[in-house]
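Chain letters run A, B, ... following the sequence lines, proteins first and then strands; every chain starts at 1.
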Amino acid sequence: MKKKLLIIILFLLFTPSLLLCAPKEKNIMLINSYHQGYRWTDDITKGVTDVLENSKEISLSIEYLDTKKNTSNSYFASLEKFYQIKMKQHKYDLVICSDNNAFNFVLDNRYSIFRNIPIVFCGVNYFDKNEIKGYKNITGVNEDVDINRNFKLIFRLHPKTKKIICITDTTVTGKRVKKQLIKVIDNYKADAEFEIVDDISMENLKLKLSSQSPNTIVYYTVFFKDSKGTFYEYDDSIRLISEYSNVPVYGSWDFSLGFGIVGGYLTSGYHQGIVAARQAVAIVNGTSPANVQIEYNSPKKYMFDYRFLAKHKIDQRKLPMNSVIVNLPNSFYKRNKIFVWNISISFTILILIIVSLVVNIIKRNKAEKSLRKIRQYLFDIINSMPSPLVSVDENHRIKNLNNKAREILSNRTSKVLIGSKIEELVPEIAEDSELIDGVLRTGKNILIENKEMSFNSTNYRVMISVYKLNFPYVTEAVIRFDDVSEHYKQKKHIERLQNILHGITDSVEAVLITVDSNLGVVIWNYAAELNTGIKEEDAVGRNLVVMIPKLKPHAEKILKAVNEIEISKINKLQSFENNVIKVEDVEIYPLKSKELKGAVIRIEDVTEKVKLDELIVQSEKMLSLGGMAAGMAHEINNPLAGIMQSAQFLKIAVSPEFEKNRLAAEECDVDLEAIMQYMQKRKMIEMIDYIQQSGERAAGIVKNMLNFSRKSSQQTSNINISDLIDDTVLIAQSDYDLKEKYDFKKISIEKNYDKNLPIISGYKSELQQVFFNILRNGAQAMYEDSECHNPIFRIRIENLKSKIRISIFNNGPVIPDYIRKKIFEPFFTTKKVGSGTGLGLSVSYYIIAENHGGELSVDSSLDGVAFNIVLPVNGVKQ
Amino acid sequence: MSKKILILDDEIIIRSSLNAFLETYGYETVEAETAENAEKLLNENEFDLAIVDMRLPGESGEEFIKKAAGKYNKLKFIIYTGSEEFLKSSTIKSIGITSLDVFSKPVKNMSDMVNRIIFLLGDK
């Protein structure tokens, strides 16, 4: 029990809030007096629904009392019961009642069924506010007929009217109408004769109307019931009346229109509904019914039927303003419905197309306008250009040109410019015709720099640029002429200055480099290019010590010279390039220019000079020694022969082998054996040997010395230098003397001979002696050098065309400068006494320089020692 | 009879040491200081071989050989000189003196010369 109670309480608590939350829908009930399908009722209903359709919060219930056919008391009693139930079950916010029956029904049951519900009425004929006296919340629309205006209309359209027959009936409405008719007719009695017909049978009415004189007009109001009590539907009665009437029939209600009346100022059921519905909406939306005025002026409209206007030949132009004409000649439309539709659809489509075209045209006009603006803008730009601009077609005929071009060309010719050939007007570019064709063909722009042109007898330098216009279907080239005279002049001047500067720097044989304060190269002369193999364009802008690495150790010195503006020198800078020693003097002259801080660096190759200095000294020594040796040799050989012969004799003189000795000993009475023993004891024999050996040594020296002075006994022969060197290497490898001290075969030989070496003319054995000498010296040097682990000879033979250069390099110890200078001097040796004559290299020098007209020099670097022999191919001194 | 050798040289030490050397080998030797003197000796005595120095005061060794070779066709010659230039002379070659008969001063092993003399003169 408790549970149920709780649920109920909860339900009660929540229900109001649920109601509040729900959309507040208003319920309106429309109670029609008559039935559905009755024209008047349907018109009102349509008016009401048309308005209420627009407000979604309102729901409409439509009721039909159907009182046209049922009027008995028992029927109304049933209705009361029926609506009592209905109104109890559902709450209505407002009731609209159409026509008197419904209105009366509601009023009768105001307190029992429709208590407190606002009421809006419509279609209530000739409403009198006394009818609702004592009732509240009631408003609505009066329904009346404007007889006065209809009469005015009749007189207007039919000025000759003499009689007006007014038709009405004896129904409640009819009686009310009649009352009004009598009132209005009073005002028009002077204008025409009036007859009110109300209590008549349909037959009589027909008869009456069919025999009317021409100036009679029928004014029809309602005729639902004839005198016989026969009821007629609203359309039946007017149809019959109109059918039999030979004069125009005017009406009062719009439901008569279309069934026989010409027209009139007609009361509209539809508009009754609209006005009533609007009042209802206002009330349900909160306006107090008391503030909604009753609309007494029933909505009406001038309405006419075209068919009857035409039948009675009534001039449409006389109709009042805002008249509605129904049944306009739509017969054509009816007959050709598909055609008309086709036409109208086509027409609509055409209209749409036209509209879109118009829109398009407007857009285009807009675009064109902006294009014109841009065009003008571009024209202004092009025309303001100081350079002439001409566009030409594929035949080189001028298509367009700017102001400057026009000005200049007009000065040159009196011809019409547009259409003329550009070459005729500007003969200077006739030679470039093909270039213009090329531009048109390929689309690649070209630049003709520096063309000489004259204008007003002044010469100009002109740069011509030709480019193709980039529009589809347009083959045009634009030619622009730019005056570059000033630029050209300056360029020429700069070029001249550059040439002078280059001429000056390049004419200097020494390397001449200008650097900035960061040692960046500014000027790099021809000698620098030759010396380094680096082109000026590659060197400029780069760092000096990167370009010339051998200056790296002196970078600070150079920078110091630049900063302190002090001339600085690096004397005899030695470098080793391609196995050749290079000696250079470097002079640094700081720049005194205010514009550029830096220095001029002058590098002079003094290798040859240094060599020459050494050479001169050497040659002088050679010559004097050579000459002397020739004379000396013979003179020394004789005493040597005496010494050696004597020594040899002394040895054999004590030998018992010889009879002569034995005889002499006997004569002196001495024992030869004893003498021998004595001499040995006193080391006399040994001494004799020393005498002999010393003599031999002296003889060797003399023999070598003689080589300086005498011409070789040999004949010159054709020598293949590479074969000769290979043979010499083989001999050296098998030489016993060498083998004794070290193994020549352990020395690796690296050969690098140029191909196609020329055969040279020379003394084969002499040259072989030179090569052997050099190889032997080198081998000894490498052997004696404890640091030389991988002894190697690099033998290089180069073809210098008219000369052959042989370089024999060994990786033995470095030869110090003081030794190198003396190395070719006779009797100069570094070997221990007795192991060398000190003449080997001087003889070699003599053989190469004197006998072959070549050069022998020695270069020593950290890597080792290189002997360089240069032999002329045909340079043997005969 | 031992073979007779004429030694023509202007240097006494050459002559006397050569003389002593060859005598030890059993040859009879006569010394001449000049070519003129040598020619006189050739006229007075019969010699088998002459050892001739080329460079002499007065008449040269070459001229002496020319004359002597013309007069005494059996006479053999050994040239003993300070230089070898005379080899080039066609006259010397035509006489039949080969390079083996030429000895340059100083001679390292005198036995070489003795061996050549033995070859030229045959048995003692």
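Of the inter-residue distances, the one linking E62(B) atom CD with I97(B) atom CD1 reads 9.0 Å to the nearest 0.5 angstrom.
No other option in Q692(A), E659(A), Q693(A) has as many heavy-atom pairs under 4.5 Å with chain B as Q692(A). Counting heavy-atom pairs closer than 4.5 Å to chain A, the top-ranked of the candidates E11(B), E23(B), M113(B) is E23(B).
Proximity to chain B (any heavy atom under 4.5 Å) is shown, for E657(A), by neither the backbone nor the side chain. Residue L650(A) does not touch chain B at all, counting heavy-atom pairs closer than 4.5 Å. Contact of Q645(A) with chain B is made through backbone and side chain together, with heavy-atom distances under 4.5 Å.
Between the side chains of E673(A) and Q677(A), no donor-acceptor pair of N or O atoms lies under 3.5 Å.
One N or O on the side chain of N661(A) and one on the backbone of I652(A) form a donor-acceptor pair closer than 3.5 Å. Looking at E39(B), its side chain never comes within 3.5 Å of a backbone N or O of T34(B) through a donor-acceptor pair.
When E33(B), E31(B), M54(B), K105(B) are each tested for a side-chain contact (heavy atoms from CB on, under 4.5 Å) with D9(B), only one passes: K105(B).
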